[in-house]
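We count ligands from 1, going down the list as the structure has it; atoms in each ligand are counted the same way. What's counted below: heavy atoms across the whole structure, side chains too, no hydrogens, waters or symmetry copies.
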Amino acid sequence: MKEYGLYIDGQWVPSTSGRTFQTRSPATGEVLAAFAEGDREDVGKAVKAASKARLKWRLLPAPKRGEILLKAASIMRRRKEDLGKLVTREMGKVISEGKGDVQEAIDLLEYIAGEGRRLFGETTPSELPRKFCMTVRQPVGVAGLITPWNFPFAVPCWKLGPALVAGNTVVYKPASLTPLCAATLVTILEEAGLPPGVVNMVTGPADPVGVAIVEHPEIGAVSFTGSVASGRDVYRRASALLKKVGLEMGGKNPQIVLEDADLSLAVEGVLFGAFGTAGQRCTATSRLILHEKIYDDMLQRLVSRTKSLKIGDPLDSSIDVGPVCSGEQEEKILGYIRIGKEEGAKLVTGGAKLEGGAYDNGFFIEPTIFEAVHGMRITKEEIFGPVLSIIKVRDYEEAVRVANDVEYGLSSSIYTADLNLAFRAIDELEAGITYINAPTIGAEVHLPFGGVKHTGNGAREAGSTAIEEFTEIKTVFIDYSGSLQKAQIDE
Ligand code: NAP
């Protein structure tokens with residue numbers, strides 16, 4: 001079995017403790033590889049390497065930094081098939097989505113490489129003669145990146161790309177469920193020509209590795225994606241040290257379907273949104289809010305389509321839904337299914353762990369639909385699995401009220417032919433993203449991505465905003481008058 005060390009200063013090294021852990025396929029239980037289990041001391045070594053590499057990396061012109069990212073993207077493009085399979089084997093999403101994860105990483109790197117030729121500042125006239133004013137963007141220094149397991153190529157690249165092109169060096173902690181994807185990504189960056197010390201990866205548990213990254217005084221910016229509970233802890237620790245923090249967290253995303261909607265389109269949208277990636281997307285549709293006039297029709301069509309989904313080996317391209325990512329995930333999701341039943345929600349399809357034959361080697365849960373009442377826990381808490389709650393409403397106003405009555409605000413969707421209501425929904429849905437006549441999933445990398453309320457703290461990844469987490473703005477005044485000029489002072 002292949003064993004990976006920590007990646008520090010361009011070397012694969014064992015952890016200080018010598019301890020290791022393994023990663024397994026959630027579909028088959030097969031052990032895929034072993035990894036060094038880092039601790040606080042290892043994070044210290046990684047930060048030291050990142051600090052040492054900082055000046056040289058920063059002095060490399062930004063377009064050159066972008067070229068390295070572009071090279072990494074081209075390596076990934078060449079190897080996309082294999083990398084997609086790797087994502088599927090380690091994380092469990094079906095192969096078309098495994099390749100999609102890699103494609104998203106490629107898209108992001110290609111897009112952000114061009115940022116090396118932008119990194120724009122502003123220029124403006126001065127209030128004084130022969131004086132010139134401008135802003136320049138500067139890297140924060142060493143950035144700490146902490147990522148989840150559900151997009152093991154895409155999410156790390158959403159952070160690595162902008163951090164690196166802006167001239168930061170990095171200490172990266174991947175999720176403990178998907179370290180093989182992370183180690184592979186690091187080897188690709190290495191092959192693309194990233195100098196030693198610019199990216200350092202420490203695998204190992206949230207505490208101590210993640211916590212040590214958040215608390216290390218030489219890490220100036222922390223970018224975290226994960227659950228609200230973990231994000232709250234990251235925020236608390238980082239804010240005590242007055243760090244720059246970007247948080248991208250969970251969702252409880254609604255799809256609203258009004259009475260005038262194209263129901264066939266809406267059914268296909270919710271199937272993809274709710275059961276794609278076995279519901280393990282931050283943008284997954286977990287609430288379907290239906291106008292009462294189309295409720296029965298929509299429910300019947302949806303249940304019949306859901307029952308036709310094939311669940312099984314995610315490497316088989318005819319399969320629609322793969323396993324969930326771990327035993328812990330499975331337990332949590334089955335726990336919510338129990339809660340739904342106890343709360344009195346009506347289970348209309350699914351609801352069980354699949355057992356027998358190959359299912360016994362993995363974590364397979366049937367796509368599950370509840371008819372629920374708004375206010376039940378299954379309608380308000382993030383389940384992060386293939387479980388959809390359907391809620392009946394009287395009109396558009398009630399639909400929006402229900403959609404907004406959760407602590408989260410990541411993605412949202414409305415299906416309607418009424419242009420006025422579609423535009424009102426853009427105004428009124430409390431979410432970082434709104435789709436019209438499309439499912440809640442499907443971000444594109446050249447647009448900002450992030451949420452409001454407890455989903456995020458205002459940071460936006462991707463798009464033109466991606467570099468904000470990783471740059472500071474410096475304001476510059478250049479006086480070429482040859483005399484002392486005083487702003488705001490009457491002469
Ligand atoms: P998680 O348990 O919060 O973990 C995320 C990452 O943070 C992992 O690397 C984890 O390490 C680490 N971590 C956990 N607690 C930490 C702490 N207190 N301090 C520092 N690091 C800590 O989330 P997950 O289960 O991996 O991912 C699922 C969650 O991510 C869902 O809530 C989903 O909605 C959210 N998500 C959000 C977005 C978005 O862009 N908004 C995108 C994808 C996923 P270990 O793996 O070692 O525990």
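- Nearest non-hydrogen protein atom to atom 45 (P) of ligand 1 is Lys173 NZ, 3.5 Å.
- A cation-pi arrangement, defined by a distance under 6.0 Å to the six-membered ring centre and an angle within 45 degrees of its axis, is present between Arg118 and Tyr111.
- Numbered from 1 in the order shown, with element, the atoms of ligand 1 that lie under 4.0 Å from a heavy atom of Val234 read 19 (N), 20 (C).
- Residue contact annotation: Phe384 has a non-hydrogen atom under 4.0 Å from ligand 1.
- Heavy atoms of Gly451 come nearer than 4.0 angstrom to ligand 1 in no pair at all.
- Among Pro152, Ala182, Cys282, the residue whose heavy atom lies closest to atom 39 (C) of ligand 1 is Cys282.
- Considering both main-chain and side-chain atoms, Ala206 comes within under 3.5 Å of ligand 1 through a nitrogen or oxygen pair.
- Counting heavy-atom neighbours within 6.0 Å of Glu444 CD, excluding the residue itself, gives a total of 12 or less.
- Around atom CD of Glu407, more than 12 heavy atoms belonging to other residues, nucleotides or ligands sit under 6.0 Å away.
- Put simply, no part of Ala229 is less than 4.0 Å from ligand 1, judged by heavy atoms.
- In this structure, Phe224 counts as a contact residue of ligand 1, since one of its heavy atoms falls inside 4.0 Å of the ligand.
- The N/O atoms of Thr225, backbone and side chain alike, include none that comes under 3.5 Å of an N/O atom in ligand 1.
- Counting heavy atoms of neighbouring residues, nucleotides and ligands inside a 6.0 Å radius, atom NZ of Lys48 does not exceed 12 of them.
- Taking each of Pro208, Pro174, Gly226 in turn, the one with a heavy atom nearest to atom 35 (C) of ligand 1 proves to be Gly226.
- Counting the atoms of ligand 1 from 1 in the order shown, those under 4.0 Å from a heavy atom of Pro205 are 47 (O).
- Within the 4.5 Å cutoff, the side chain of Leu145 has no heavy atoms near those of the Pro156 side chain.
- Both the backbone and the side chain of Pro148 come within contact range of ligand 1, each with a heavy atom under 4.0 Å.
- Heavy atoms of Gly204 approach ligand 1 to within less than 4.0 angstrom.
- Here the protein heavy atom with the shortest distance to atom 2 (O) of ligand 1 is Ser230 OG, 3.8 Å.
- Remark: among candidates Asn150, Thr178, Val211, the nearest residue to atom 44 (C) of ligand 1 is Asn150, based on non-hydrogen atoms.
- Remark: minimum distance from atom 31 (C) of ligand 1 to any protein heavy atom is reached at Glu382 OE1, 3.5 Å.
- With hydrogens left out, the protein atom closest to atom 23 (O) of ligand 1 is Ser227 N, 3.5 Å, a heavy atom.
- The protein atom (non-hydrogen) at minimum distance from atom 40 (O) of ligand 1 is Phe449 CE2, 3.2 Å.
- The local environment of CZ in Arg460 is crowded, with over 12 non-hydrogen atoms from other residues, nucleotides or ligands closer than 6.0 Å.
- Atoms CD and CG, from Glu37 and Asp42 in turn, are 9.5 Å apart once rounded to the nearest 0.5 Å.
- Inter-residue side-chain proximity for Lys159 and Glu461 is flagged as met; some heavy-atom pair is nearer than 4.5 Å.
- Taken from NE2 in His446 to CG in Leu108, the straight-line distance is 12.0 Å, to the nearest 0.5 Å.
- The nearest heavy-atom contact from the protein to atom 18 (N) of ligand 1 is Asp233 OD2, 2.7 Å.
- At the top of the distance list for atom 25 (O) of ligand 1, counting protein heavy atoms only, stands Trp149 NE1, 3.0 Å.
- Partner of Arg65 under the side chain to side chain contact (heavy atoms under 4.5 Å, CB included) criterion, chosen from Leu164, Leu194, Leu119: Leu119.
- Checked against the 6.0 Å centroid threshold, Trp158 and Phe449 count as a close aromatic pair.
- Enclosure of atom CD in Glu328 is not indicated, since only 12 or fewer non-hydrogen atoms of other residues, nucleotides or ligands lie within 6.0 angstrom.
- For the pairing with Val214, the side chain to side chain contact (heavy atoms under 4.5 Å, CB included) check across Lys173, Lys243, Arg236, Arg237 returns one residue only, Arg237.
- Relative to the ring axis of Tyr4, Lys2 places its NZ or CZ within 45° and under 6.0 Å from the centre.
- Looking only at heavy atoms of the protein, atom 6 (C) of ligand 1 is closest to Thr147 O, 3.4 Å.
- Residue Gly210 has at least one heavy-atom neighbour below 4.0 Å for each of these atoms of ligand 1: 20 (C), 21 (N).
- Looking at Ile146 next to ligand 1, no N or O pair under 3.5 Å apart turns up.
- Distances below 4.0 Å separate heavy atoms of Gly250 from the following atoms of ligand 1: 32 (O), 34 (O).
- Judged by the 6.0 Å distance and 45° axis criteria, Arg377 is not positioned over the aromatic ring of Phe370.
- Listed by number with element, the atoms of ligand 1 under 4.0 angstrom from any heavy atom of Ser176 are 45 (P), 46 (O), 47 (O).
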